[in-house]
Amino acid sequence: MCVNDILAQGAEPLFFLDYFGCGALDVSAESVVSGIAKACQMAGCALLGGETAEMPGMYAPGEYDLAGFAVGAVERGCMLPLLEKISAGDLVIGVSSSGVHSNGFSLVRKVLEKSSLELSSPAPVGCGNGTFGEVLLTPTKIYSKTLLPVLKSGHVKAYAHITGGGLLENIPRVLPPSLGVTLDALCWKMPGIFSWLQKEGGLSEEEMCRTFNCGIGAVLVVEKTQAQDVLKEIQAVEDAWVIGEVTPHQTGSESVEVKNVTAALHRIEAQPQQYMSPAACDGETPAVQGGVRVAVLISGTGKNFFTTH
């Protein structure tokens, strides 16, 4: 979470410090710190240490507090977002999330209370393998090594980490007040866990987009003429799509409009918005466009072969 946030400034993470507080040290402390060390390796930053505080009487058995922060560095002239360069017509690239990531769990728990599933239950069909708890707690993707080269290329005008507040509240933070974005949910592959949460909880489109990342962990704003090159570079290491465009924003209206959320959640076949070529907007079940070339292999002399129109 911390290193992904630092990327919004175009910064490279340098080091991370953690704080672990508990009533009595046990095996969970070692497991948590080991996980942090592994994450720092994935992010390419150092774990400088921190504090492990044992405070008997302050915590119930098995409970602990975990906090931390990251420090990064960026050349002053390369800081993001480049608000003065963002303009209507720029394209929005979405980078896939691994699932719920680390936000929206208050709502997740409420939905779970209504359902018949336990955390130890097998994951619902279409939500992945393992138990339901394992699917919900799939670790947040760390984008540092993936996206830093792209952010440093000079082709990216803004980057937003989609955390608490979902798509609706995070993207406006990197846009000038006069601009917003229009997104098409059919342009990306929405993980099955979000479909289950929406159906089981009876959640509205706005609740989904204001609470969860809906399958998009990070958003980049790029010039339309450079979008294809940036997309290809990201797609070499991550799933990514052109998911929308920058539009003029009227005062008093929402800065972010997300179309076709219900269709994407329920995998209803529909026509996604084509912001570039059809290949750049690759939804879960995109409609077939135009003619299809067919090759037919026949045996013998083909006497039994016939065609219909």
Side-chain angles (χ1 to χ4, degrees), residues 3-12 72 74-97 101 141 143-144 146-188 209-210 213-251 253-259 272-277 279-282:
V3 295
N4 287 347
D5 279 346
I6 280 178
L7 291 178
Q9 305 295 318
E12 179 177 358
V74 59
E75 294 291 340
R76 192 178 301 276
C78 299
M79 291 183 66
L80 296 177
L82 304 175
L83 295 178
E84 70 284 354
K85 293 187 177 181
I86 301 174
S87 60
D90 287 343
L91 295 185
V92 179
I93 293 176
V95 184
S96 67
S97 69
H101 280 190
K141 278 189 177 181
Y143 297 113
S144 300
T146 303
L147 296 183
L148 262 176
V150 178
L151 298 180
K152 290 182 176 181
S153 69
H155 298 155
V156 177
K157 298 181 179 183
Y159 158 99
H161 182 205
I162 310 303
T163 55
L167 294 166
L168 299 186
E169 295 184 11
N170 285 284
I171 299 177
R173 296 172 183 170
V174 299
L175 297 174
S178 61
L179 296 173
V181 297
T182 299
L183 311 180
D184 186 348
L186 292 173
C187 283
W188 72 86
C209 293
R210 197 177 294 279
N213 64 60
C214 294
I216 297 296
V219 160
L220 287 74
V221 177
V222 299
E223 185 83 30
K224 186 171 185 177
T225 56
Q226 297 173 329
Q228 190 66 59
D229 291 337
V230 173
L231 183 65
K232 285 182 179 179
E233 187 173 352
I234 298 173
Q235 286 178 332
V237 286
E238 284 283 1
D239 287 331
W241 312 267
V242 173
I243 63 171
E245 63 182 344
V246 177
T247 57
H249 172 239
Q250 301 295 328
T251 304
S253 62
E254 290 287 347
S255 298
V256 179
E257 178 187 6
V258 188
K259 300 178 179 179
Q273 175 70 41
Q274 299 296 336
Y275 298 104
M276 293 175 54
S277 64
C281 191
D282 181 22

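We're numbering straight along the sequence, starting at 1.
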[atom2] on [Y] to [atom1] on [X], rounded to 0.5 Å:
| X | Y | atom1 | atom2 | result |
| --- | --- | --- | --- | --- |
| Glu257 | Leu168 | CD | CG | 10.5 Å |
| Glu75 | Glu12 | CD | CD | 11.0 Å |
| Leu7 | Leu220 | CG | CG | 9.5 Å |
| Thr182 | Asp184 | OG1 | CG | 10.0 Å |
| Leu179 | Ser255 | CG | OG | 9.5 Å |
| Ile243 | Lys259 | CD1 | NZ | 13.5 Å |

**Request:** Among Val174, Val156, Leu175, Val221, find the residue that satisfies the side-chain contact (heavy atoms from CB on, under 4.5 Å) test when tested with Pro81.
**Result:**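 With Pro81 as partner, side-chain contact (heavy atoms from CB on, under 4.5 Å) holds for just one option, Val174.
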**Message:** Can you tell me which residue among Leu183, Ile162, Ile93 is in a side-chain contact (heavy atoms from CB on, under 4.5 Å) with Val219?
**Reply:**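 Of the listed residues Leu183, Ile162, Ile93, the side-chain contact (heavy atoms from CB on, under 4.5 Å) partner of Val219 is Ile162.
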Closest heavy-atom contact between [X] and [Y]?
| X | Y | result |
| --- | --- | --- |
| Gly72 | Ala11 | C-CB, 4.3 Å |
| Tyr275 | Cys187 | CE1-SG, 4.1 Å |
| Gly10 | Leu148 | O-CD2, 4.5 Å |

**Message:** For Val74 and Met79: C-alpha separation, side-chain torsions, deciding distance, then whether side-chain contact (heavy atoms from CB on, under 4.5 Å) applies.
**Reply:** CA-CA 6 Å; Val74 59; Met79 291 183 66; 3.6 Å; yes
**Message:** Run Tyr159 and Asn4 through side-chain contact (heavy atoms from CB on, under 4.5 Å) and show every step you take.
**Reply:** CA-CA 10 Å; Tyr159 158 99; Asn4 287 347; 4.0 Å; yes
**Message:** Enumerate the side-chain hydrogen bond (donor to acceptor under 3.5 Å, both in side chains) contacts for residues 164-175, please, sequence neighbours excluded, ordered by first and then second residue.
**Reply:**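 Qualifying pairs, neighbours excluded: Thr163-Asn170, Glu169-Arg210, Asn170-Arg173.
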Can you tell me if [X] uses its side chain to pair, donor with acceptor, with the backbone of [Y] under 3.5 Å?
| X | Y | value |
| --- | --- | --- |
| Asp90 | Ser87 | yes |
| Trp241 | Leu231 | no |
| Lys85 | Lys157 | no |
| His249 | Pro177 | yes |

Please examine the side chains of [Y] and [X], heavy atoms only from C-beta on, and report whether any two atoms are closer than 4.5 Å.
| X | Y | value |
| --- | --- | --- |
| Asn213 | Leu167 | no |
| Thr247 | Val181 | no |
| Asp5 | Val3 | no |
| Cys78 | Lys152 | no |

**Message:** In terms of relative ring orientation, are Tyr143 and His161 parallel, tilted or perpendicular, with 30° and 60° separating the classes?
**Reply:**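 Tyr143 vs His161 ring planes: perpendicular.
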**Test salt bridge (Lys or Arg N to Asp or Glu O under 4.0 Å) applied to Lys224 and Glu245, step by step** = CA-CA 9 Å; Lys224 186 171 185 177; Glu245 63 182 344; 5.8 Å; no
**Prompt:** Regarding Lys141 and Ser96, is there a side-chain donor-to-acceptor distance under 3.5 Å anywhere?
**Reply:**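 Judged by distance alone, the side chains do pair up.
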**Request:** Determine, step by step, whether Asp239 and Val95 satisfy the side-chain contact (heavy atoms from CB on, under 4.5 Å) criterion, reporting the C-alpha distance in whole Å, the side-chain angles of both residues, the deciding distance to 0.1 Å, and the verdict.
**Result:** CA-CA 6 Å; Asp239 287 331; Val95 184; over 6 Å; no
**Prompt:** When you look at CD of Glu84, are more than 12 heavy atoms from neighbouring residues, nucleotides or ligands closer to it than 6.0 Å?
**Reply:**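 Above 12, so yes.
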